[in-house]
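What's counted below: heavy atoms across the whole structure, side chains too, no hydrogens, waters or symmetry copies. For clarity, every value in this text was computed on a predicted model and none was experimentally measured.
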Amino acid sequence: MLAVQNLNKQFGSLHALTDTSFHVNDGEIFGFVGSNGAGKTTTMRIILGVMATDSGSVEFNGVPLNFSMRQHIGYMPEERGLYPRMKIGQQLEYFAALHGLDASSARAATTEWTQRLGIADRRDDEVQKLSLGNQQRVQLAAALVSNPQFLVLDEPFSGLDPVAVDVMSGVLQDAAAAGISTLFSSHQLDLVERLCNRVGIISHGKMVAEGTIDELRQTDTVTYAVAASATFSQLSAAAIQANVVLHPDPLEGSAEAPALQGVTRATFTLERGMDDQAVLRALLNAGSVHEFGPRRPHLTDLFKNVVIDDSPSRHEPSQDGQHAVRGLRRLLGRRAQQ
């Protein structure tokens, strides 16, 4: 288990991180979400040892992370961390060697991951000749080629088409099934919701929510949605008998609540613990009920509810991502030679 405990990081007057804490369990996919400048990348760089923390700690299985342990972390930066004029196969073998693999193992890992990610036929091409989506696949291969125990992925799905998203999602799920833990950030909250076992939401350098999607969805009141063969007036009159006030469904006409001829869609709110079946029985007196049930908020809604809009002054200072990644790899190379 990776445990991030009370991280603090300040850049001049800017508090980039304030007592940031969370954990990632073994074999878990943990979604790390927040607005631009909220502190995600700073946290990841501290985990990787690229950036020092002012205070706090990062531990793996109860032991403070050191250089030897970080050799077993696969990292995919948001910015391109690849050498554009170097051939893909040679580059991946080089990255694997920096993490301690011998030449034979590095070649085997390069073959495996380029095949898994659908870029095996491009191994002899330079990175700069690939589309942005295929460069993302190479970046994920670079994170996986060292057979890591833990993955840190910064916006891994950025710029990918739906087919590539499915391929990379499948690879991450397979890695999790094999016991590899993954921490990844993304603004594509539908993917986070679909892939992640747990989610942490950070705002202004502070963790404001952490848990499973189900845990984060828990509220004191529950919104229900109903679709019935009756007019809105008829449904409202029936609902009043159960002490419920109906409202027009704001999602009617969307993919989640498609408009149906002769069917009225509405919503209502119940305090947790109230009898929803009593409401259903009342609504049945107005007409046939085709859909009835709680409408739980999506991660997008949860995110909007807990994150305060970031002002430009709160943004993390500009960093050269490629420089940071290559600096890490040069460090790995020097340590490997010692």
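Checked by atom type and distance alone, the side chain of K40 never pairs as donor or acceptor with a backbone atom of I201 at under 3.5 Å. T269 places no side-chain N or O within 3.5 Å of a backbone atom of V222 that could act as its donor or acceptor partner. Judged purely by atom type and a 3.5 angstrom limit, Q149 has no side-chain atom pairing as donor or acceptor with the backbone of S181. Of the possible polar contacts, one joining the Q139 side chain to the G81 backbone as a donor-acceptor pair under 3.5 Å is found. In this structure, R198 contributes its side chain and E28 its backbone to no donor-acceptor pair below 3.5 Å. R70 places a side-chain N or O within donor-acceptor distance of the main-chain N or O of I47, the cut-off being under 3.5 Å. The main-chain N or O of N134 is found under 3.5 Å from a side-chain atom of S131 such that the two form a donor-acceptor pair. Between the side chain of D249 and the main chain of T267, no donor-acceptor pair closer than 3.5 Å is present. In this structure, the side chain of E93 does not engage the main chain of A103 through any donor-acceptor pair within 3.5 Å. The backbone N or O of L251 sits less than 3.5 Å from a side-chain atom of S254, completing a donor-acceptor pair.
A side-chain donor-acceptor contact under 3.5 Å links D154 and S185.
I88 pairs in a side-chain contact (heavy atoms from CB on, under 4.5 Å) with only one of the listed residues (K129, Q135, R122), which is R122.
Counting all heavy atoms, side chain and backbone alike, I213 lies closest to V199 at CD1-CG2, 3.7 Å. Contact record, G205 with T20: O-OG1, 2.8 Å, taken as the closest heavy-atom pair. In this structure, T53 and K9 approach most closely via the heavy-atom pair CA-CD, 4.4 Å. The two residues L283 and L246 make their nearest non-hydrogen contact at CD2-CD1, 4.3 Å.
Ion pairing between R265 and E291 holds under the 4.0 Å rule for side-chain N and carboxylate O.
The shortest distance between side-chain heavy atoms of S21 and M207 does not fall below 4.5 Å.
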